[in-house]
Number of protein chains: 4
Amino acid sequence: MTRHNERVTTTSADSGRPRTRAGGARRRGKGSSALASERREHLVRLAAELFAEKGFQATTVRNIADEAGILSGSLYHHFDSKESIVDEILTGFYNEIMAAYRAVLDKGMNPRDTVAGLVRVAFGNLEPHRAAITVMQNDWNYLKGMDRFSYLIKSEAEVEKMWVDTLSAGQKQGLFREDLDPKLTYRMIRDTIWVAVRWFKPGGRLDAQGLADHYLKVMFDGINVH
Amino acid sequence: MTRHNERVTTTSADSGRPRTRAGGARRRGKGSSALASERREHLVRLAAELFAEKGFQATTVRNIADEAGILSGSLYHHFDSKESIVDEILTGFYNEIMAAYRAVLDKGMNPRDTVAGLVRVAFGNLEPHRAAITVMQNDWNYLKGMDRFSYLIKSEAEVEKMWVDTLSAGQKQGLFREDLDPKLTYRMIRDTIWVAVRWFKPGGRLDAQGLADHYLKVMFDGINVH
Amino acid sequence: MTRHNERVTTTSADSGRPRTRAGGARRRGKGSSALASERREHLVRLAAELFAEKGFQATTVRNIADEAGILSGSLYHHFDSKESIVDEILTGFYNEIMAAYRAVLDKGMNPRDTVAGLVRVAFGNLEPHRAAITVMQNDWNYLKGMDRFSYLIKSEAEVEKMWVDTLSAGQKQGLFREDLDPKLTYRMIRDTIWVAVRWFKPGGRLDAQGLADHYLKVMFDGINVH
Amino acid sequence: MTRHNERVTTTSADSGRPRTRAGGARRRGKGSSALASERREHLVRLAAELFAEKGFQATTVRNIADEAGILSGSLYHHFDSKESIVDEILTGFYNEIMAAYRAVLDKGMNPRDTVAGLVRVAFGNLEPHRAAITVMQNDWNYLKGMDRFSYLIKSEAEVEKMWVDTLSAGQKQGLFREDLDPKLTYRMIRDTIWVAVRWFKPGGRLDAQGLADHYLKVMFDGINVH
DNA sequence: CATGAATGAGAGTTCATTCAT
DNA sequence: GATGAATGAACTCTCATTCAT
């Protein structure tokens with residue numbers, strides 16, 4: 001359970017991604033396991049901050065180790081590799097947001113309320129998953145080249161389908177304008193939300209839900225006076 | 001004329017940024033200058049493509065040299081450093097877009113048309129400056145830490161002022177809704193436009209101006225049916 | 001305790017010289033420290049030999065690593081840079097000799113005996129600090145250009161003061177000829193001693209103290225028969 | 001006559017040192033030859049200044065070319081290599097000083113006056129050959145490793161013989177103290193003179209001959225009051 | 001004679017990773 | 001679990017030198 005590189009993706013079968021050093025015998029009592037897990041999560045959080053601040057490539061494993069007060073080699077007791085750390089960060093984010101998105105859809109609301117719900121979910125993740133989202137924004141171009149992260153592409157495709165279906169349904173029901181390209185519209189909405197992570201400061205003038213409200217206003221009715 | 005590190009920033013006084021190796025006597029005839037400049041620009045374009053594709057850090061100078069069919073050391077005949085190449089890319093982009101933005105403002109149109117004009121300028125740069133914009137999107141977090149690129153921050157501030165002033169004027173004239181935060185709105189608009197570079201493919205279904213039209217519709221009137 | 005770049009200069013306050021990579025948390029037990037220090041000193045000695053033999057610039061870090069039987073990159077586990085190695089070499093030498101000089105002065109002998117004492121101290125360092133002195137003689141011109149080594153200039157000034165004061169006092173007391181320029185005389189003495197490192201071979205006909213005796217004879221009474 | 005790498009050593013047969021590119025046909029009218037020679041000498045002087053200031057290794061051919069207002073490649077119209085430039089500098093110095101030393105010996109004076117003459121010759125070269133002497137002092141360790149400069153070692157041996165013979169003769173004639181080692185004494189004298197180049201400033205309080213006088217006083221009679 | 005572009009070897013340095021203790 | 005030493009590959013950059021124009 002606390003093996004290296006653990007990732008539970010609820011969406012895709014965890015097929016075929018490599019799992020280095022997996023075979024070794026590693027059993028432990030329950031108590032220490034929990035402690036180990038805590039330590040591990042702590043390290044992941046430290047790493048996430050650094051990745052967000054300086055970028056994945058620019059962050060060295062020594063940076064992370066320094067922050068944790070250990071030597072860089074010692075990190076390899078907890079993680080297979082630098083990649084597996086960022087993997088853990090992103091997986092955590094994706095698991096949560098996918099579940100939240102599905103919960104919105106499962107409510108079976110009308111398309112307008114569904115869209116509002118999805119937007120609120122996204123903005124709601126801005127604070128708790130700030131680091132993961134920042135990494136996605138800044139380092140996606142680099143990470144996407146690695147087989148290991150192909151699951152992100154799959155999840156992204158699933159999210160796109162959720163949105164496009166909802167937007168199209170909204171058009172059919174006369175809620176949304178007919179002259180919009182659902183795919184294009186989705187992309188704009190998505191990007192606008194996530195990119196906010198670059199300047200959003202928790203504890204600033206507006207909190208995440210205030211931002212969501214502001215954004216929904218513009219998105220639904222535009223900036224013009226009608 | 002063909003000195004290393006040449007950059008003409010129309011905005012900021014070019015004060016104090018280092019100009020390596022420039023000191024020596026270097027005067028030249030005339031004809032060769034144009035040829036040298038062509039070669040140089042060719043190399044810059046090659047580098048821009050690679051930076052856009054793989055990221056600034058992940059692109060090695062050998063990658064660039066390989067692409068140009070020369071050895072990595074030979075690049076240093078044309079450029080001081082890897083940084084000075086990306087500098088040239090970004091400066092070219094900023095010089096052009098700043099001039100275009102100012103031209104829009106100088107027309108003295110009403111705020112709505114001005115906003116439309118600014119948006120069209122931005123989308124219009126998506127194709128010719130695709131690489132530069134991609135680098136800005138993906139590597140900004142890394143580049144911003146370097147003194148050398150502080151001019152980008154200055155330019156960015158100037159652009160923000162253009163937008164915020166225009167949006168505020170529009171609100172005063174009753175063109176834009178009063179309940180919008182101009183600064184927040186600007187940021188959303190800005191990010192939404194630039195981030196499009198990630199998926200925009202020249203020669204696709206919509207060209208840049210088609211995108212601009214689509215975007216202006218949503219921005220001005222929202223996705224709702226009124 | 002075993003941090004990189006450690007240097008204890010007893011003369012100058014260690015103000016403001018950079019201490020790369022030092023920031024991270026780094027605390028240690030005790031026993032290993034001594035071993036680490038031994039390894040480090042061994043490497044410093046190897047490097048010193050090479051610097052003395054081939055010059056600082058002409059000695060590559062790969063040369064040093066080869067001599068130590070490791071890879072060049074591994075040196076950076078122990079030292080920040082090539083410069084920090086030579087720094088360590090020179091600091092060790094300066095700390096020792098400054099202390100020895102001060103000890104001579106603290107005895108409060110008459111100027112003639114003091115001068116003799118200083119000369120003997122200098123010659124006495126020829127063997128144990130042969131490499132450092134050689135580097136000072138051959139590479140000073142290069143090293144003096146670096147901020148990092150400004151402490152050498154300060155120490156040198158302090159030494160000059162010791163000598164000039166002693167020589168002047170000797171003149172006042174009628175021990176040394178009045179028609180000598182103390183500063184000029186000091187420089188001649190100093191250079192004559194240190195430059196001997198170029199041909200002095202430990203285990204040769206004369207040992208360092210034999211040399212000192214020979215030199216003192218010439219210095220005090222000249223080569224003429226009186 | 002104006003071929004690359006020209007060196008006329010009056011001492012040693014110019015045996016076997018490589019002469020790159022020597023074969024090529026290169027004839028010229030007398031007038032242009034003189035001009036070329038002037039240009040060449042100018043470049044050598046520029047290079048000598050730089051070598052003296054920064055050291056041979058630390059001076060790049062670009063440094064030299066910059067100083068001359070040309071491109072680095074253009075230097076190779078005048079010289080085979082960086083080494084051949086320093087060779088020219090040192091050869092010029094050695095030719096002159098060897099001739100001057102021999103002239104002193106040829107006067108057949110008594111050993112004391114001969115020693116004084118040799119010392120004055122040496123100090124007299126401090127100003128006109130400051131750069132060459134500086135290079136010898138600072139870069140000798142590096143240059144001595146190259147076959148090309150073996151002639152320096154030969155000349156040095158010849159000079160040593162001149163001195164040692166003179167000092168020994170002086171001892172036999174009862175002019176110099178018996179308890180001195182001639183070889184050791186010679187080395188001290190030699191080093192003390194040349195090393196003065198490090199701090200000797202033309203136009204300072206003492207000119208070269210003033211320095212020589214000061215030095216001869218100390219050397220002959222010591223610093224003690226008798 | 002000079003230019004300008006390129007070569008090719010090698011420099012110092014970085015860094016993810018391994019592993020015996 | 002952690003240390004500390006090391007690996008090995010790669011990186012940016014430098015520089016003497018060559019040569020077609």
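Computation of the quantities below employed the complete heavy-atom set of this structure, encompassing side-chain atoms and omitting hydrogens, waters and symmetry-equivalent molecules. A, B, ... follow the sequence lines: proteins, then strands. Residue 1 opens every chain.
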Checklist entry - Checking side-chain contact (heavy atoms from CB on, under 4.5 Å) for the pair I64(D)/L43(D): CA distance, chi angles, key distance, verdict? => result CA-CA 8 Å; I64(D) 303 170; L43(D) 293 171; 5.5 Å; no

Item to check | M146(C) CE to dG12(E) P, straight-line distance once rounded to whole Å | outcome: 12 Å

Item to check | Evaluation steps, side-chain contact (heavy atoms from CB on, under 4.5 Å), between V86(B) and D139(B) | outcome: CA-CA 10 Å; V86(B) 82; D139(B) 296 300; over 6 Å; no

Checklist entry - Looking only at atom types and distance, does a side-chain atom of K82(D) sit under 3.5 Å from a main-chain N or O of T59(D), one as donor and one as acceptor? => result yes

Checklist entry - Whom does dA20(E) pair with, Watson-Crick or G-U wobble, provided both distances fall under 3.5 Å? => result dT3(F)

Next on the checklist: In whole Å, I'd like the distance from the CG atom of L75(C) to the P atom of dA6(F).
Outcome noted: 9 Å

Could you pull out the protein-nucleic contacts involving nucleotides 8-11 of chain E (nitrogen or oxygen on both sides, under 3.5 Å)?
none

Checklist entry - dT14(E) C1' sits how many Å from F79(C) CZ, rounded? => result 17 Å

Checklist entry - Step by step, would you call L152(C) with K144(C) a side-chain contact (heavy atoms from CB on, under 4.5 Å)? => result CA-CA 8 Å; L152(C) 294 174; K144(C) 73 163 185 239; over 6 Å; no

Next on the checklist: Rounded to whole Å, how long is the line connecting atom CG of L43(A) with atom C1' of dG1(F)?
Outcome noted: 11 Å

Item to check | Length of the OH-P vector between Y76(C) and dT14(E), whole Å | outcome: 7 Å

Next on the checklist: With a cut-off of less than 4.0 Å, is there a side-chain N or O of H78(C) near OP1 or OP2 of dA6(F)?
Outcome noted: yes

Checklist entry - When the distance from CD of E83(D) to P of dA16(F) is rounded to whole Å, what number comes out? => result 11 Å

Next on the checklist: Taking 4.0 Å as the cut-off, does a side-chain nitrogen or oxygen of R40(C) come that near to OP1 or OP2 on dA5(F)?
Outcome noted: no

Checklist entry - Which residues pass the ring pair (Phe, Tyr, Trp, His ring centres under 6.0 Å) test with Y142(B), sequence neighbours left out? => result none

Next on the checklist: From CD1 of I64(A) over to C1' of dA16(E), roughly how many Å is that when rounded to an integer?
Outcome noted: 11 Å

Item to check | Side-chain N or O of H77(C) closer than 4.0 Å to phosphate OP1/OP2 of dG4(F) | outcome: no

Item to check | Residue met sooner reading DNA chain E from 5', once S81(C) and I70(B) are mapped to nucleotides | outcome: I70(B)

Item to check | Donor-acceptor pair, side chain of N141(A) and main chain of N138(B), under 3.5 angstrom | outcome: no

Checklist entry - Toward the 5' end of DNA chain F, which comes first, F56(B) or F56(D), by nearest nucleotide? => result F56(B)

Checklist entry - Do the side-chain N and O atoms of N63(B) and T60(B) include a donor-acceptor pair separated by under 3.5 angstrom? => result yes

Checklist entry - Can you check the D66(B) CG to dA6(E) P distance for me, whole Å? => result 14 Å

